[in-house]
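We count ligands from 1, going down the list as the structure has it; atoms in each ligand are counted the same way. No hydrogens, no waters, no symmetry mates; every other heavy atom, side chains included, goes into these values.
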Amino acid sequence: MTRVVIVGAGIVGAALADQLAARWGGEVVLIERSRPGWGTSRTSFGWLNANKKQPRAYFDFSVEAMRDWRRLAREFGEPSWYQPVGNLAWARSPQAREELVERVERLHAWGYGAEIITASRARELEPNLAIPSDAEIAFFPDEGYVCGCPAAQALVARATSRGAQLITGVEVRELVTSHSRVTGVCLANEERIAAETVVCCAGWRSPELLAPLGIDLPVVPASPRGSPAGALVVTIEGVTPRPARVIHAPELDVRPTGESRLLLEAEDIDVHVDMTSGDDHLDERAGELRRRAGMLVPAALSATIVEVSLCVRPLPLDGYPLLGPVCDHRGLYIAVTHSGITLAPALARHVALELLGTESPILRHYRPDRGGIAALAREQGTSGNR
Ligand SMILES: Cc1cc2nc3c(=O)[nH]c(=O)nc-3n(C[C@H](O)[C@H](O)[C@H](O)COP(=O)(O)OP(=O)(O)OC[C@H]3O[C@@H](n4cnc5c(N)ncnc54)[C@H](O)[C@@H]3O)c2cc1C
């Protein structure tokens, strides 16, 4: 193998370029249509966790990735994009309380930091939150968040310092094939770049890149409305004091981002947006998220909305990563996943090893053409694996 082309410099492509550049003397070319980290990774909630991950193999993979982030943060001199601040979650309905307690018990038995705490302990941890006294509350001290955009940029910078080539501002228009082997890429400016292997890390845009090869990537479409792939993420500013941790309340997910800013998202609002949503519709939903934030964090009542992002999760039909080569398409490797902020460093390490010839027993579970993925999706749904 002499040249690998990676399409897409989100957190997945960036982490892979970093790993390949560190481990291999060949040529690594990373191509990004926009700027590194400016896709889904930029607007992601970025919660670093293995909290709801099942079965055990997927949980272990996520825990391994959390350990990798700790190692990376040390290597990068404890950067501000890595925040292992812990996660506080609570539930109020009988069913949600039961689920939370069961989850904490399971995680505890699996050796993961998880405990049920009292409301007064929660208020000690987060004095600037309105935490209901009657809630069931759990604390997950080893979780946190990663800001996907600066993290991807840091990884790309390290990869290029180790010899990887970065091409930005131009799209890969198509994958070039010869005798059913992928032999390179053709860019929107007509330039062709030959490669022994092309790795598709194009996130939610991967299906459109792969479709001309006859590959129907099993991911959830971003439309129609109600699709779990679409999401609305809102940033508010001027929240002082603000919570320090990741917060999962029944009506809102919140995490800090910068000094006086909070990132807001809510599952029941996500289902009301898709790629066709107009600005008025999005602004109305953003206002609702801010209203909920104000109920939770008193200082958010007077906050200003500074960013409203409509984003798309690269969400495989069964919720699990799509990682590996595809039958009948030599020269192509796919790396598309939800929970990509959490998984990126471990995923990239395993993918790099596979590209260099060592099959990963972990990635075996996640082949893009695994049997029954659509049937599994119908049985299990796709929630829970964020
Ligand atoms: C609202 C929301 C909340 C989330 N919450 C979490 C969470 O809490 N924890 C977690 O771990 N994960 C979470 N995720 C998922 C996570 O953000 C994604 O799995 C991850 O960002 C995917 O990274 P990526 O590099 O594959 O995709 P992207 O970041 O989208 O990167 C793909 C890149 O490829 C480029 N590209 C695409 N097509 C081409 C082309 N033809 N040519 C050149 N370049 C191309 C794009 O411009 C983009 O930069 C969330 C996602 C969303 C939307």
Q) Using 30° and 60° as the class limits, which term best fits the ring planes of Tyr112 and Phe140: parallel, tilted or perpendicular? A) tilted
Q: Show your reasoning for whether side-chain contact (heavy atoms from CB on, under 4.5 Å) applies to Val4 and Tyr333.
A: CA-CA 10 Å; Val4 170; Tyr333 193 104; over 6 Å; no
Q) Can you find an N/O atom of Thr40 closer than 3.5 Å to an N/O atom of ligand 1? A) yes
Q) Does the N or O separation between Asn49 and ligand 1 drop below 3.5 Å for any pair? A) no
Q: Examine Trp38 against ligand 1 and note whether any of their N/O atoms are separated by less than 3.5 Å.
A: no
Q. Does Ser34, backbone or side chain, put an N or O under 3.5 Å from an N or O of ligand 1?
A. no
Q. Short list, please: which atoms of ligand 1 are under 4.0 Å from a heavy atom of Gly203?
A. 26 (O), 27 (O), 32 (C)
Q. Should one rank Gly169, Ala231, Ala335 by closest heavy-atom distance to atom 1 (C) of ligand 1, which comes out on top?
A. Ala231
Q: Give the numbers and elements of all ligand 1 atoms closer than 4.0 Å to a heavy atom of Glu171.
A: 40 (C), 41 (N), 42 (N)
Q | Joint cluster assignment, Phe59 & Val104, ILVMFWY side-chain distance < 4.5 Å | A | yes
(Q) Show the atoms of ligand 1 that are less than 4.0 angstrom away from any heavy atom in Glu265. (A) 1 (C), 3 (C)
Q) Is there any N or O on Arg205 that sits under 3.5 Å from an N or O of ligand 1? A) no
Q | Atoms in ligand 1 flagged as close to Val7, the criterion being non-hydrogen separation under 4.0 Å | A | 40 (C), 42 (N), 43 (C)
Q.
What I want to know is whether Val12 and ligand 1 share at least one N or O pair that is separated by under 3.5 angstrom.
A. yes
Q: Output yes when the distance from some N or O of ligand 1 to some N or O of Arg33 is under 3.5 Å, and no in every other case.
A: yes
Q. Looking only at distance, does Ile11 have an N or O less than 3.5 Å from an N or O of ligand 1?
A. yes
Q. Less than 3.5 Å between some nitrogen or oxygen of Trp47 and one of ligand 1, yes or no?
A. yes
Q) Between Glu64 and Lys53, is there a side-chain N and carboxylate O pair less than 4.0 Å apart? A) no
Q. Which option, Gly37, Cys311, Ser44, Pro321, owns the non-hydrogen atom nearest atom 13 (C) of ligand 1?
A. Ser44
Q | Within one Ile-Leu-Val-Met-Phe-Trp-Tyr cluster: Trp204 and Val220, side-chain cutoff 4.5 Å | A | no
Q: Flag Arg35 as yes when one of its N or O atoms lies below 3.5 Å from any N or O atom of ligand 1, and as no otherwise.
A: no
(Q) If the cut-off is 4.0 Å to any non-hydrogen atom of His338, which atoms of ligand 1 fall inside it? (A) 14 (N), 15 (C), 19 (O), 50 (C), 51 (C)
Q.
With a 3.5 Å distance limit and no angle check, can you tell me whether Glu32 reaches the backbone of Ala9 through a side-chain donor-acceptor pair?
A. yes
**Q.** Which of the ligand 1 atoms, numbered from 1, are nearer than 4.0 Å to a heavy atom of Gly10
**A.** 25 (O), 29 (O), 31 (O), 33 (C)
(Q) Main chain of Ser62, side chain of Thr342: is a donor-acceptor contact present, judged purely on distance under 3.5 Å? (A) no
Q: Might you point out which heavy atoms bring Val297 and Pro241 nearest each other, and give the distance in Å?
A: CG1-O, 4.1 Å
Q. Any side-chain heavy atom of Thr257 sitting closer than 4.5 Å to one from Arg255?
A. yes
Q) Heavy atoms, side chains only, cut-off 4.5 Å: are Ile334 and Ser206 in contact? A) no
Q) Closer than 4.0 angstrom: is that true for some heavy atom of Cys201 and an atom of ligand 1? A) yes
Q. How are the rings of Tyr58 and Tyr320 set relative to one another: parallel (under 30°), tilted (30 to 60°) or perpendicular (over 60°)?
A. perpendicular
Q) Side chains of Trp38 and Gln153: closer than 4.5 Å at any heavy-atom pair? A) yes
Q: With Arg56 as the cation and Trp110 as the aromatic partner, state whether NZ or CZ is under 6.0 Å from the six-membered ring centre and within 45° of the axis.
A: yes
**Q.** Val233 neighbourhood, listing ligand 1 atoms whose heavy-atom distance to it stays under 4.0 Å
**A.** 1 (C)
Q: Go through ligand 1 atom by atom and flag the ones less than 4.0 Å from a non-hydrogen atom of Ile31.
A: 43 (C), 44 (N)
